[in-house]
Amino acid sequence: MLDKKVAELLNTQVNKEFYSAYLYLDFSNYYVEKGLDGFANWYKVQAQEERDHAMLFLQYLQNNGCSVTLDAIDKPDKVFEGYDGPLHAGYEHEQYVTALIHTIYDAAHEAKDYRTMQFLDWFVKEQGEEETNAENLIKKYELFGSDAKALYMLDNELAARVYSAPSLVL
Ligand code: FEO
């Protein structure tokens with residue numbers, strides 16, 4: 001069995017990751033409405049990755065004999081002014097998720113729970129990539145977003161993103 005506090009934080013993270021999936025699906029819907037199908041695709045794939053993250057936390061808990069409680073998922077309620085609104089919100093959200101992962105890591109370290117620390121190592125690395133991806137999207141938009149042709153090409157580039165299953169297998 002896992003340390004009680006560690007298990008609680010891991011269970012909370014299941015909900016946080018499902019919320020992330022919901023949030024990015026909401027971003028995707030926003031871009032569909034705006035006619036930017038590539039941006040919509042990028043966030044739809046991101047939502048699939050977040051669902052995978054949730055399932056990894058859930059599976060890890062179950063693999064360690066813990067019961068899982070599924071709480072209500074908050075409604076995404078962000079309202080955006082411009083095309084780059086979700087990009088900034090996404091970057092902020094990833095920084096928030098990184099902090100959550102680090103908090104669980106701290107608790108696992110405190111409890112000398114080396115198994116959970118090893119499990120979380122994948123997420124620590126993943127968060128580095130997620131933050132970089134989110135920041136790069138902002139940079140690209142700043143470079144190309146104000147020119148219609150360049151925005152069209154950027155949208156096409158983002159349309160090429162395809163889902164792939166996570167490299168972490170439990
Ligand atoms: Fe599951 Fe984007 O962090």
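Note: hydrogens, waters and symmetry copies are ignored here, and every other heavy atom, side chains too, is used. The shown structure was predicted, so the numbers you read here are calculated from the model rather than taken from an experiment. Order of appearance sets the numbers: ligands from 1, and atoms from 1 within every ligand.
Summarising the local packing, OH of Y152 is surrounded by 12 or fewer heavy atoms from other residues, nucleotides or ligands at distances under 6.0 Å. The local environment of CZ in F80 is crowded, with over 12 non-hydrogen atoms from other residues, nucleotides or ligands closer than 6.0 Å.
In this structure, the ring of Y19 has its center no less than 6.0 angstrom from the ring center of Y22. Residues F39 and Y83 place their aromatic rings such that the two centres sit no closer than 6.0 Å. Ring pair F123/F57: centre-to-centre distance below 6.0 Å.
At a cut-off of 2.8 Å, E17 is counted among the residues with an N, O or S atom near atom 1 (Fe) of ligand 1. For atom 1 (Fe) of ligand 1, the set of nearby N, O or S atoms under 2.8 Å includes none belonging to E94. For atom 2 (Fe) of ligand 1, the set of nearby N, O or S atoms under 2.8 Å includes one belonging to E130.
Of all N/O/S atoms in H53, ND1 sits nearest atom 1 (Fe) of ligand 1. Closest to atom 1 (Fe) of ligand 1 among the N, O or S atoms of E50 is OE1.
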